[in-house]
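Worksheet for the structure shown next.
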Amino acid sequence: MNVHTLLQQLETEPGWRSLRAAQKALREKLARPDRLLLAKFLQAEANRRADFKDRSVRVSLASDASLDNFMDPLALRLLERGLFGIQYHAPFGQMAMEIRNPSSDFLAHQPEVAVLAPLAAFWQKDIPTTAESVTQTSEETWAHVSALRNHFPGLILLQNLYPTERRPQGILDSKSHWGRADFARAVNLQLSQRCRETSGVFILDAEYLAGQCGASWPGLHKQQFMGSRPVADDLVSQLAVEIAAFCAARKGFARKCLAVDFDNTLWGGVVGEDGVAGVQLASGFPGNIHVELQREIRALKARGVTLAALSKNNEADAWEVFQQRPEMVLQRADFGAHRINWQDKAANLRELATELNLGLEAFVLLDDNPVERELIAEVLPEVEICPASDPMEMLRWLATCRCFDTLAITREDALRTQSYAAAEARSQRAAQSDNLEQYLLSLETCVEVGCDTLPQIARMAQLTQKTNQFNLTTRRYTESEISNLVQDRNWRVFWCSCRDRFADEGVIGVALVKIAGDEYQLDTFLLSCRVLGRGVEKAFLGGICQYAHHSGARQMRGEFIPSAKNAQTEKFYEACGFTAAAAAGDSRFWRLALPAAADLIPQWIALQNAPAPNKL
Amino acid sequence: MTIDELLRPILNTKSPLLLADNKQTIKTWDSLAQMNIVASIEDISGEELSTIEVVSLTSVIKVLEVCRAHGVEIVPPAS
C-alpha cells in the first residue's frame, strides 16, 4: 500500500469510505513514516468533516512528563475502533495547573474523555519505596483526579504506575520490605480501590499492559533520555488501544453480538464429516483450545454479549454435538438466535440482525473460514471480523480485542439471552394469535417509571452509551454526569423498566428532562430495542407526562436529532400527539400541551409511576 | 523508499528535501523530529541505533549513512 495514493483517495472520497480505506491500510502494516502521515491526515479529518461528527471523540491528556508520542498511536488506534480523535495534550509540566483551572485549554477542549498520567515519570524521581511513600504517592495522585473532577463530570482515565526494570537490590527486591515491584503494586491497589469507589473514573492499567506488550525495556529506553518521554513506544501503543476501547465504550460503539461458526471454531473438525464423536473437544490438544475458546465466549455472554450461531451445517447434526458431547461448555440455550443452514452467511447475518433488532455494526464474526470472512468483509463492512483461522489465534484475539467492552456491566446484561428467548416465545404467541390487541393484552405487560433514583444510574449511563436506534438525540452520558443531573433541581432523570409474562427486562428506558419554567424539555429519550413494538415507549412518555403535569408543568418539549441510526424515531413525537415547533441547528423540536391525552398510554400496559424524591 | 517518504511525514515539509538539508535549513527538524527519525529507522530496520548514531542524525546525508549502515535502502534526493 502506497500511503500517498491512499491519501489522494481519501481526499476525493469523503466520509465512511475514507474511514474504511484507512482502516484497511492500517491492517496492512504501514511503516512508521506512513503511519505518521496517515495519523496527521486523520487528525485533520476529524476537525474538517462534519459527516464524522458522530464518530469524533474529544480527548484531553495530561501528564507529569511528555506524552507527545501518544498523539499518532492514539489517532490510529481510535481509527481502528472507527473513531476520529480530536486530541489536546497539556503542555509539558503544566498538568497540575491545567486540570485545576476551569478555564484551562485542557478543559476548554471540552473533552469527553480525560487521560491523566501523573506517575508516568515516577521512576525518574528518586523517591524512596517505603510504606509511607505508598500512601503519599497514591494520595498525591488521587488529588489530581479529585481536582479534575471538580470541573469535569466526564470520563477520567488514570494511568497507574508501571514497573521498572531497575531493582537496586537485585534478586532480593521482593524479599526486602517495599521493593520496587511491591511498591508499584501497592500504589496501584490503592488507586484501583479509589476508582472503584468513584463513578466515572477508571484505571488505565499500565502495569498490566507493560506485562502484555512485550516491550524489551518499558522503563529503560532511549526516548526517556532523549526527550523526557517516559513511556516507551510499545507501551504507548498498548495504552492507546486501551484508551480507544474506553472512548468506543463512552461513545456507544461497543459491539453487542458475537456470531460464531461451529466447525473448526467451537470444535475441531467438521461434524458433517467427522461425526459427533469425531469432532475434537477433549481435554487433549487441540480439542482443549476449542474448549477454552468456548469458555472465553461463555464469559462474554455472562457480561451481556449476545451469542448468535452462524454455521453452514445440517441443523440437527450441529445441535447434536451440544447434546451428546459433555465437553461442550456452551449450551444451545446460550445462543440468542441461530442460523444453521446452507444459505450464504452474509444473508444469514442480515437476518440475525433483524431478528435480534441490532444494527450490523453491533456484530463481531468468529469464523475459521477465510472465504466466509472475506465475503462478510466485502458485503457487510460494518461487521467486525476476527481475522484468525487458527483456534489459538482466535482465542488470543477474542481475549484481547476489547470490542465488547462497556463502562459497566449491569443486571440487565445478564438477562439479555433470557430476553431473546422471551422474544422468541412472544413471537410464537403472536403467530398463534389472530388479533393483535388480544395478543398484546395477553402479554400482561407492566411498565414502571421511576425518577431521580440512584440505584439505576449505572444502567442508565450504559443505555445512553449503547442505544443507537430508538434514541431521539443520541447524547451520551457517564455515570457521574447522570449522578449530577439527579442532584440538580432543574433536571429530572427518568428510567423505565418493563416486565411481562415471559421476562423481566429490567431497566430499558431513559429520559433526561430539563425544567425550563413550566416546560419539561426532553434532552434525551431512549428505549432499548429489545422492548420495541409493544407500546412501551408511549407508556414511558405517558408516565413522564403524568409526572410533569402533577409537578405543575404546562407543556412538554421533545427534541429529535437525526443520526445514521435513529430514523425510526423521527415521527415518534408526532405519533404521540406532539406538534412540530421551530428547528435549531440539527435539532427539531416538538411540543405537547399538558395534560397529555389519556390514550397515550396503551390500554394493554399497566403503568406504575414510582414516587420521586423531592429535590430541594 | 525515498528520503522524502522517510522524512517528510516527520518534518512536515511541503517541498522535496535536498541532499544539503539539515537541522539548520529545516526549522521543523527539532529534537522531537530527531527522535521520530530514530524511531522510524529502528522500525524499518528492526535494529536499535547506537547512541552515537542517534546524536548524528542532524542532516539528510547522515540519515542516509545511518540507514545504509542498518541495511535500509533509501533513495537520496536528486542533487
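Proteins come first, then strands; the chains are lettered A, B, ... in the order of their sequence lines, and each starts at number 1.
- For Gln159(A), the side chain to side chain contact (heavy atoms under 4.5 Å, CB included) criterion is met by Phe70(A), Ala117(A), Ala120(A), Tyr162(A), Leu204(A), Ala206(A), Val231(A), Leu239(A), not counting sequence neighbours.
- The pair Asp43(B)-Arg32(A) meets the salt-bridge criterion, since a charged nitrogen lies less than 4.0 angstrom from a carboxylate oxygen.
- Side chain of Ser237(A) to main chain of Asp234(A): no donor-acceptor pair is present (N/O by atom type, distance under 3.5 Å, no hydrogens or angles).
- Interface remark: Leu6(B) contributes backbone and side-chain atoms alike to the contact with chain A (heavy atom separation under 4.5 Å).
- Here Met35(B) is the residue among Glu42(B), Met35(B), Gln34(B), Met1(B) with the most heavy-atom pairs under 4.5 Å with chain A.
- Every residue meeting the side chain to side chain contact (heavy atoms under 4.5 Å, CB included) condition with Ala399(A), not counting sequence neighbours, appears here in chain and number order: Glu296(A).
- Summarising the geometry of Phe106(A) relative to His109(A), their closest heavy-atom pair is O-CB, 3.5 Å, with the distance given to 0.1 Å.
- Among residues 47-66 of chain B, the residues having any heavy atom closer than 4.5 Å to a heavy atom of chain A are, in sequence order, Glu48(B), Leu49(B), Val54(B).
- Most heavy-atom pairs under 4.5 Å with chain A, from the set Ile10(B), Leu32(B), Asn12(B): that is Leu32(B).
- Heavy atoms closer than 4.5 Å to chain A are found in both the backbone and the side chain of Ser40(B).
- A donor-acceptor contact shorter than 3.5 Å is absent between the side chain of Arg35(A) and the backbone of Pro33(A).
- Side-chain atoms of Asp4(B) do not come within 3.5 Å of backbone N or O of Pro16(B) as any donor-acceptor pair.
- Applying the side chain to side chain contact (heavy atoms under 4.5 Å, CB included) criterion to Asn69(A), with sequence neighbours excluded, gives Gln223(A), Arg229(A), Asp233(A), Val236(A).
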